[in-house]
Amino acid sequence: MTEAFKPIVYLKQNCPFCMKIRLFILEAGLGAEVETRDFGSGTPQEDTVRAELKDHLDKVSFPAAQIRPGQFITESDDIIAALARKSGRDPATMPIYQNYVDGPFAALMRLWKENMDLKKAAAAA
């Protein structure tokens, strides 16, 4: 990653998808080669980030990244894949990242799906 442009990654606090990207960046040693813009929900920083992204995304959601000048993406797996291609690092070989993805992240996704299913069932009742 020796280009003059540094990818910019927008990471919301307490977001499990954002944490996944943060762990990849840290374990891959990309901290100096990727700019992160961190913010919390409901903060002025979030307002600034949303204003910065609104003209580049159909729907502003997080995480988000500007991978190349003018190229914005929002899916955590897509962001990690783009950073992995640029850095030559394979997420599958990163034990801390994989531990998070296979452990806490997978558990959170199961709970999220269960919650959505319960909401659907309650709405249909």
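This chain uses plain numbering: 1 for the first residue, then up along the sequence.
- Side-chain contact between Leu26 and Arg22 is present, with heavy atoms from C-beta onward closer than 4.5 Å.
- With Thr93 contributing its side chain and Arg89 its backbone, the two residues share no donor-acceptor pair below 3.5 Å.
- Connection of Val101 to Val9 is established within a shared hydrophobic cluster, with ILVMFWY side chains joined at heavy-atom distances below 4.5 Å, either directly or through further cluster members.
- Between Ile79 and Ala64, the shortest heavy-atom contact is CD1-C, 3.8 Å.
- How far NZ of Lys6 is from CD of Glu35: 7.0 Å, rounded to the nearest 0.5 Å.
- When all heavy atoms of Pro104 and Asn99 are compared, the pair lying nearest together is CD-O, 3.5 Å.
- Counting non-hydrogen atoms of neighbouring residues, nucleotides and ligands closer than 6.0 angstrom, the CD atom of Glu75 reaches no more than 12 such neighbours.
- Residue Asn14 qualifies as open at atom CG: its count of foreign heavy atoms under 6.0 Å is 12 or below.
- When all heavy atoms are compared, the tightest approach of Ser87 to Leu30 is CB-CD2, 3.6 Å.
- Looking only at distances, no side-chain donor or acceptor of Lys20 sits under 3.5 Å from a matching main-chain atom of Ile80.
- Not a single donor-acceptor pair under 3.5 Å links the side chain of Gln45 to the backbone N or O of Phe39.
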Subject >> Chi angles and distances behind the side-chain contact (heavy atoms from CB on, under 4.5 Å) call for Ile21, Ile25 >> reply: CA-CA 6 Å; Ile21 294 169; Ile25 291 169; 3.8 Å; yes
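- For Glu46 (side chain) and Gly42 (main-chain N/O), a donor-acceptor pair under 3.5 Å exists by modelled atom type.
- When all heavy atoms of Lys12 and Ser41 are compared, the closest pair comes out as CE-OG, 2.9 Å.
- The residues Glu114 and Arg110 are annotated as not salt-bridged, no charged nitrogen and carboxylate oxygen being separated by less than 4.0 angstrom.
- Residues Leu23 and Ile8 fall into different hydrophobic clusters, defined by Ile, Leu, Val, Met, Phe, Trp and Tyr side chains chained together at heavy-atom separations under 4.5 Å.
- Counting heavy atoms from C-beta outward, Phe105 and Met109 have side chains that approach closer than 4.5 Å.
- Going from atom OH of Tyr97 over to atom CG of Asp102 covers 9.0 Å, rounded to the nearest 0.5 Å.
- Side chains of Asp58 and Phe72 form no contact here, defined as non-hydrogen atoms less than 4.5 Å apart.
- The two atoms that bring Tyr100 and Pro16 nearest to each other are OH-O, 2.9 Å, heavy atoms only.
- A heavy-atom distance below 4.5 Å is found between the side chains of Arg50 and Phe62.
- No more than 12 heavy-atom neighbours from other residues, nucleotides or ligands sit within 6.0 angstrom of CD1 on Ile96.
- Salt bridge Arg37/Glu52: present, at least one basic N to carboxylate O contact under 4.0 Å.
- Between atom CE of residue Met19 and atom CG of residue Leu108 there is a gap of 11.0 Å, rounded to the nearest 0.5 Å.
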**OP:** Check the pair Phe5 / Gln66 against side-chain contact (heavy atoms from CB on, under 4.5 Å), numbers first and verdict last.
**Re:** CA-CA 10 Å; Phe5 176 81; Gln66 183 177 8; 3.9 Å; yes
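- The side chain to side chain contact (heavy atoms under 4.5 Å, CB included) test with Tyr10 singles out one residue from Leu53, Asp38, Val60, and that residue is Leu53.
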